[in-house]
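This report concerns only the one structure given below.
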Amino acid sequence: MKKTIFVVGAGSGLGNAVARLFAEHGFKAVLIARSAERLAGYAEEFAKDGIEVDTQAADASDFGAFAEIWRGLVERHGTPDTVFYNVGITVPDGQCRIDAQTLVSRYAADVAGAYHCIRLADTDEFARKRGAILVTGGGLALHPYAGYLPLSMDKAALRAMVLALSPVLAEKGIYIGTVQVSDTIGSNERYAPARIAEEFWNLHESRAAAETVY
């Protein structure tokens, strides 16, 4: 039976690059993002390239609705083999000029949404499959910058979450790992989405460490 990857935060950059790379290795891709219109375009592109794909519009920060959607996807496709969480709000914010509610809303999407996906994925069936959870990290977790304050805080929280949960999930046979992407995705050849996708694939296959800094 074909393996399946759920990509939460599909997009024309890294999300779809990871989906395409996993498809090259025999995975069916389920693309999840907020915009149904964009997802329809992605599905058309993937289908033209012969990639088996399904799409689902969902907001990862709307936890109740997202859980229902997740259950529907599992009914349709079975328990995924791999989950890739790629949601991140990457707009600049100025020098600490945002309000507290903005911090909370960003955290809900960037961090709490990832934790919610981990909880949804962490089932007995996922463990039997030796499932893997991959999370897009960022260099701001290691080198925070006030101009991207919410993102700096959120990437640091994501890193702490992955590192803390790694040994706990490993006891069940589940792998979790993150790539700390140290520059803007797509800014140069080294940080092309397809190159970064290879880093995620390497983590997925080796399962040797919970993070890599790229």
Side-chain angles (χ1 to χ4, degrees), residues 3-11 13-15 17-22 25 27 29-30 32 60-61 70 79-90 106-145 148 150-185 190-214:
K3 291 184 177 181
T4 303
I5 180 171
F6 284 10
V7 177
V8 184
L14 182 58
V18 167
R20 285 178 174 276
L21 181 57
F22 274 70
H25 291 277
F27 282 69
V30 177
I32 305 167
S61 64
W70 183 280
T79 298
D81 299 272
T82 302
V83 175
F84 176 45
Y85 195 84
N86 184 52
V87 176
I89 301 172
T90 59
R106 299 283 180 84
Y107 185 90
D110 294 349
V111 184
Y115 179 73
H116 191 222
C117 279
I118 293 166
R119 292 293 303 273
L120 291 169
D122 181 11
T123 64
D124 290 342
E125 177 62 21
F126 192 67
R128 280 193 291 271
K129 287 187 164 192
R130 292 183 52 79
I133 300 167
L134 303 172
V135 179
T136 301
L140 290 170
L142 306 172
H143 305 287
Y145 170 56
Y148 285 88
L151 192 60
S152 296
M153 296 168 68
D154 291 351
K155 291 301 184 184
L158 277 175
R159 180 175 186 263
M161 180 181 67
V162 170
L163 296 182
L165 290 179
S166 176
V168 177
L169 293 174
E171 290 180 359
K172 305 177 184 181
I174 297 171
Y175 171 76
I176 186 168
T178 180
V179 175
Q180 309 301 345
V181 183
S182 299
D183 203 345
T184 302
I185 296 171
R190 173 172 170 77
Y191 289 96
R195 289 283 298 274
I196 301 170
E198 292 174 0
E199 294 298 312
F200 279 102
W201 177 256
N202 291 340
L203 271 186
H204 179 272
E205 290 300 283
S206 71
R207 301 170 75 112
E211 74 171 336
T212 186
V213 179
Y214 182 76

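The analysis underlying the following values was restricted to heavy atoms, covering all of them including side chains, and did not include hydrogens, waters or symmetry mates.
Annotation: cation-pi geometry not satisfied between Arg20 and Phe27 (NZ/CZ under 6.0 angstrom from ring centroid, within 45° of ring axis).
Among all heavy-atom pairs drawn from Gly138 and Gln180, the shortest one is N-OE1, 2.9 Å. Contact between Arg207 and Ile174 at its shortest, heavy atoms only, is NH2-C, 3.8 Å. The two atoms that bring Trp70 and Pro80 nearest to each other are CZ2-CG, 4.3 Å, heavy atoms only. Heavy-atom minimum distance, Leu163 versus Ala210: CD2-CB, 3.8 Å. Heavy atoms only, all atoms of each residue included: Val213 and Ser182 are closest at CG1-OG, 3.6 Å. Val168 and Ala164 get closest at one heavy-atom pair: CG2-O, 3.9 Å.
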### Query
Going through the checks in order, is the side-chain contact (heavy atoms from CB on, under 4.5 Å) test met by Ile118 and Leu169?
CA-CA 10 Å; Ile118 293 166; Leu169 293 174; 4.3 Å; yes
### Task
Please test Met153 against Tyr107 for side-chain contact (heavy atoms from CB on, under 4.5 Å), starting from the C-alpha separation and ending with a verdict.
CA-CA 8 Å; Met153 296 168 68; Tyr107 185 90; over 6 Å; no
### Message
Please determine whether ring-ring contact (aromatic ring centres under 6.0 Å, His included) holds for the pair Phe84 and Phe200, giving the CA-CA distance in whole Å, both sets of side-chain angles, and the decisive distance to 0.1 Å.
### Response
CA-CA 9 Å; Phe84 176 45; Phe200 279 102; 4.9 Å; yes
### Message
Assess the residue pair Glu199 and Val181 against the criterion (side-chain contact (heavy atoms from CB on, under 4.5 Å)); give the C-alpha distance rounded to whole Å, side-chain angles, the decisive distance to 0.1 Å, and a yes or no.
### Response
CA-CA 10 Å; Glu199 294 298 312; Val181 183; over 6 Å; no
### Residues Ile5, Val83; criterion side-chain contact (heavy atoms from CB on, under 4.5 Å); working and verdict
CA-CA 6 Å; Ile5 180 171; Val83 175; over 6 Å; no
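Side chain to side chain, Arg195 and Tyr191 fail the donor-acceptor criterion of an N or O pair below 3.5 Å. With 3.5 Å as the limit, one finds no donor-acceptor pair spanning the side chains of Asp81 and Thr4.
In this structure, Phe22 and Lys3 have side chains that are not in contact, with every pair of non-hydrogen atoms separated by 4.5 Å or more. Side-chain contact check for Leu158 versus Thr178: every heavy-atom pair is 4.5 Å or farther apart. For the pair Ile185/Pro193, a side-chain contact is recorded, criterion being any heavy-atom separation below 4.5 Å from C-beta on. No side-chain heavy atom of Glu211 sits under 4.5 Å from any side-chain heavy atom of Val162. A heavy-atom distance below 4.5 Å is not found between the side chains of Asn86 and Val135. Using a 4.5 Å cut-off on side-chain heavy atoms (C-beta onward), Val7 and Ile32 make no contact. Counting only heavy atoms from C-beta outward, the side chains of Phe6 and Thr79 never approach each other to under 4.5 Å. Using a 4.5 Å heavy-atom threshold, the side chains of Ile89 and Asp154 count as separate.
Looking at Lys172 and Asp122, a side-chain N of the basic residue comes within less than 4.0 Å of a carboxylate O on the acidic one, giving a salt bridge.
The number of heavy-atom neighbours closer than 6.0 Å to NZ of Lys129, taken from other residues, nucleotides and ligands shown, is above 12.
Between Lys155 and the choices Val111, Leu142, Asp110, Thr136, the side-chain contact (heavy atoms from CB on, under 4.5 Å) rule is met once, by Thr136.
Under the 3.5 Å distance criterion, the side-chain polar atoms of Ser206 are matched with a main-chain donor or acceptor of Asn202. Proximity of a side-chain donor or acceptor of Tyr175 to a complementary backbone N or O of Ala209 within less than 3.5 Å is detected. A donor-acceptor pair under 3.5 Å is formed between the side chain of Ser152 and the backbone N or O of Tyr145.
One finds the OG1 atom of Thr90 at 9.0 Å from the CZ atom of Arg106 (value rounded to the nearest 0.5 Å).
Ring orientation note: the planes of His25 and Trp201 are close to parallel, at an angle under 30° on the 30°/60° scale.
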